[in-house]
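These notes concern the structure reproduced below.
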Amino acid sequence: MTTTVPWTPTALADLRECLDLMTTDGTVPGGVIAHGTVGTEPGYLSSGVVAPECGNVRPGPDTVYDVASLTKVLATWPLVGTSLIGDFTLDTPVRELLPGIAADAPGGRITVRQILAHTSGLRGDTRLDRYRHRPEPLAELICGEELIAEPGAGHRYINRGFILLGLALTHYRCRRLDELAAELWQDFGMTDTTYGPVPRSAQVAPTEQRLTGGPRLWGMPHDDNAALLGGVAGHAGVFTTPADLATFATHLLTSHVADGPLGRWLTASMQPQAQIESGLDRGLAWILADDGRVAYHHGFTGTSLYLAPATGRYLAICTNAVYHHQDNRTRLAPLRALALKAVTAEP
């Protein structure tokens with residue numbers, strides 16, 4: 001049962017202050033926090049500038065961000081959920097969803113559930129560049145490598161599994177992943193969400209400068225492996241706006257209230273599958289906190305999305321923190337911790 005709990009002015013003021021401090025100390029050039037509840041219009045907190053290259057343009061609801069691993073929950077996770085209706089099950093081995101996977105391929109026996117729960121046992125290092133000039137299809141190469149752990153044995157965050165799921169969705173649904181995702185986002189009303197690359201403009205947040213004096217990544221996927229796959233992958237490559245993240249969150253929470261298909265998929269995905277650490281579990285794609293009442297996910301570039309179905313609240317953080325720094329987990333930890341505290345707070 002959902003009891004909508006509004007955001008308090010104090011919680012929003014604390015989030016704004018933290019974002020302002022991070023902008024002032026150079027952790028991020030700027031950023032936007034979208035917040036809202038079921039049945040209300042979203043609100044936005046913004047700070048700083050999009051990036052120095054964009055002049056004095058301030059980030060806002062329509063600023064486009066490379067959301068990196070939020071791709072997993074914005075594209076792959078909902079597409080898997082819609083495909084489970086009569087197509088395959090969570091316990092289907094990936095070799096049944098992909099062509100040419102040998103019966104004895106180590107990775108062929110891992111299941112959709114184990115990939116979503118990050119318990120697949122696949123290798124942790126993604127490095128698709130090692131496969132350059134190999135004639136075999138990518139799925140065969142990934143599945144053919146030895147596993148580093150028994151599937152289902154424990155949690156280890158793995159991008160490779162979501163790359164496989166993206167390839168599996170493409171094959172099983174007989175359409176490109178970006179086409180499947182675009183149709184889904186259109187149905188949700190997410191008009192500014194797309195796989196990259198996207199054209200450079202002052203409304204698109206640049207990310208990292210890889211070489212001193214060289215051009216900055218701007219409209220190109222920050223994730224190397226997504227870039228190698230043409231910008232379209234199951235684990236990364238999506239660009240979106242704070243406004244579209246608010247739309248996505250609202251759609252999920254509204255479906256949860258109405259017991260719609262996507263709401264039921266969210267409920268199923270918020271059942272713990274593996275422990276990450278004390279107090280945190282992995283559901284299906286999402287990290288679970290507050291005894292399973294909150295689901296969230298991060299993106300390496302400096303993004304996060306939090307859902308609290310029991311209170312009808314959501315929160316989305318959009319920054320391009322990789323503009324300045326690579327140690328984002330440490331530098332963004334205060335804002336992310338505050339966001340989790342705010343979204344789990346009792347009324």
Side-chain angles (χ1 to χ4, degrees), residues 19 22-23 25-32 46-60 62-76 125-132 157 159-160 162-163 166 177-178 181-182 192-242 244-245 297-305 316-332 335-336:
L19 182 59
M22 288 187 166
T23 301
D25 70 14
T27 297
V28 296
V32 181
S46 66
S47 184
V49 297
V50 174
E53 287 88 344
C54 303
N56 294 324
V57 176
R58 290 179 57 81
D62 298 324
T63 303
V64 177
Y65 287 90
D66 176 349
V67 294
S69 280
L70 286 192
T71 298
K72 295 178 175 70
V73 294
L74 288 177
T76 309
D125 56 325
T126 307
R127 289 296 303 279
L128 299 187
D129 60 332
R130 74 177 71 225
Y131 300 137
R132 285 182 185 274
Y157 188 81
N159 280 323
R160 282 168 164 251
F162 277 78
I163 292 173
L177 182 62
D178 55 339
D192 294 314
T193 303
T194 183
Y195 271 101
V198 299
R200 292 185 179 188
S201 78
Q203 286 299 110
V204 176
T207 56
E208 187 182 2
Q209 184 182 46
R210 295 275 168 85
L211 296 173
T212 301
R216 189 173 291 278
L217 291 176
W218 193 353
M220 297 293 294
H222 179 267
D223 183 274
D224 289 338
N225 298 294
L228 279 172
L229 293 171
V232 180
H235 72 297
V238 167
F239 288 75
T240 191
T241 64
D244 270 10
L245 286 177
H297 207 289
H298 300 313
F300 183 79
T301 45
T303 58
S304 299
L305 178 61
I317 297 172
C318 288
T319 77
N320 48 338
V322 288
Y323 186 94
H324 292 310
H325 309 287
Q326 278 287 315
D327 56 339
N328 291 334
R329 291 181 184 176
T330 300
R331 290 180 176 269
L332 289 173
L335 180 59
R336 286 172 167 170

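This structure is a prediction, so every number in the text was calculated from the model and none was measured.
Legend: residues meeting side chain to side chain contact (heavy atoms under 4.5 Å, CB included) with Arg331, ordered by chain and number and at least two apart, are Thr27, His325, Asp327. For the side chain to side chain contact (heavy atoms under 4.5 Å, CB included) test, residues two or more places apart in sequence or in another chain that qualify with Asp62 are Asp192, Gln203, Ala243. Residues forming a side chain to side chain contact (heavy atoms under 4.5 Å, CB included) with Ser304 (at least two apart in sequence, or on another chain): His298, Tyr306, Ile317, Arg336. Under the side chain to side chain contact (heavy atoms under 4.5 Å, CB included) criterion, Arg216 pairs with Glu53, Pro206, Gln209, Tyr323, sequence neighbours left out.
The shortest heavy-atom contact between Pro197 and Met220 is CB-SD, 3.5 Å. Contact record, Tyr65 with Gly31: OH-CA, 3.8 Å, taken as the closest heavy-atom pair. For the pair Pro29 and Thr23, the tightest heavy-atom approach, listed with the atom from each and the gap, is O-CG2, 3.5 Å. The minimum heavy-atom distance between Pro59 and Gly30, with the atom names listed, is CG-C, 4.4 Å. Contact detail for Val28 and Ala321: the closest heavy-atom pair is CG1-CB, 3.7 Å. Across all non-hydrogen atoms, the minimal contact from Leu332 to Gly302 is CD1-CA, 3.5 Å.
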Audit row: Leu70, His297, side chain to side chain contact (heavy atoms under 4.5 Å, CB included) steps and yes/no:
CA-CA 6 Å; Leu70 286 192; His297 207 289; 3.9 Å; yes
Apply the test side chain to side chain contact (heavy atoms under 4.5 Å, CB included) to residues Leu245 and Cys318: give CA-CA distance (whole Å), side-chain angles for both, the deciding distance (0.1 Å), then the verdict.
CA-CA 9 Å; Leu245 286 177; Cys318 288; 3.5 Å; yes
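One finds the CD atom of Glu208 at 6.5 Å from the CG atom of Leu217 (value rounded to the nearest 0.5 Å).
A donor-acceptor pair is defined here as one N or O able to donate and one able to accept, closer than 3.5 Å; such a pair exists between the side chain of Thr301 and the backbone of Asp66. At least one donor-acceptor pair closer than 3.5 Å links the side chain of Asn320 to the backbone N or O of Val50.
For the pair Thr71/Phe162, no side-chain contact is recorded, criterion being any heavy-atom separation below 4.5 Å from C-beta on. Contact of the Val64 side chain with the Ser201 side chain is not registered, since no non-hydrogen atoms from C-beta on lie closer than 4.5 Å. Between Lys72 and Asn159 there is a side-chain heavy-atom pair separated by less than 4.5 Å. Looking at Leu128 and Ile163, their side chains come closer than 4.5 Å, going by heavy atoms from C-beta outward. Side-chain contact between Asp224 and Thr126: absent, with no pair of heavy atoms (C-beta onward) separated by less than 4.5 Å. Side-chain contact between Leu74 and Val67 is present, with at least one heavy-atom pair separated by less than 4.5 Å.
For Arg130, the CZ atom is densely surrounded, since the number of other residues' heavy atoms within 6.0 Å is greater than 12. Enclosure of atom CG in Asp129 by more than 12 non-hydrogen atoms of other residues, nucleotides or ligands within 6.0 angstrom is indicated. For Arg58, the CZ atom is densely surrounded, since the number of other residues' heavy atoms within 6.0 Å is greater than 12.
Sorted by first then second residue, the ring pair (Phe, Tyr, Trp, His ring centres under 6.0 Å) pairs that include residues 205-224, not counting sequence neighbours, are His222-Phe300.
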For residues 226-241, please give each side-chain donor-acceptor pair under 3.5 Å, one per line with the distance, not counting sequence neighbours.
| unit_1 | atom_1 | unit_2 | atom_2 | d |
| --- | --- | --- | --- | --- |
| His235 | NE2 | Asp223 | OD1 | 2.8 |
| Thr240 | OG1 | Thr193 | OG1 | 2.6 |
| Thr241 | OG1 | Asp244 | N | 3.0 |

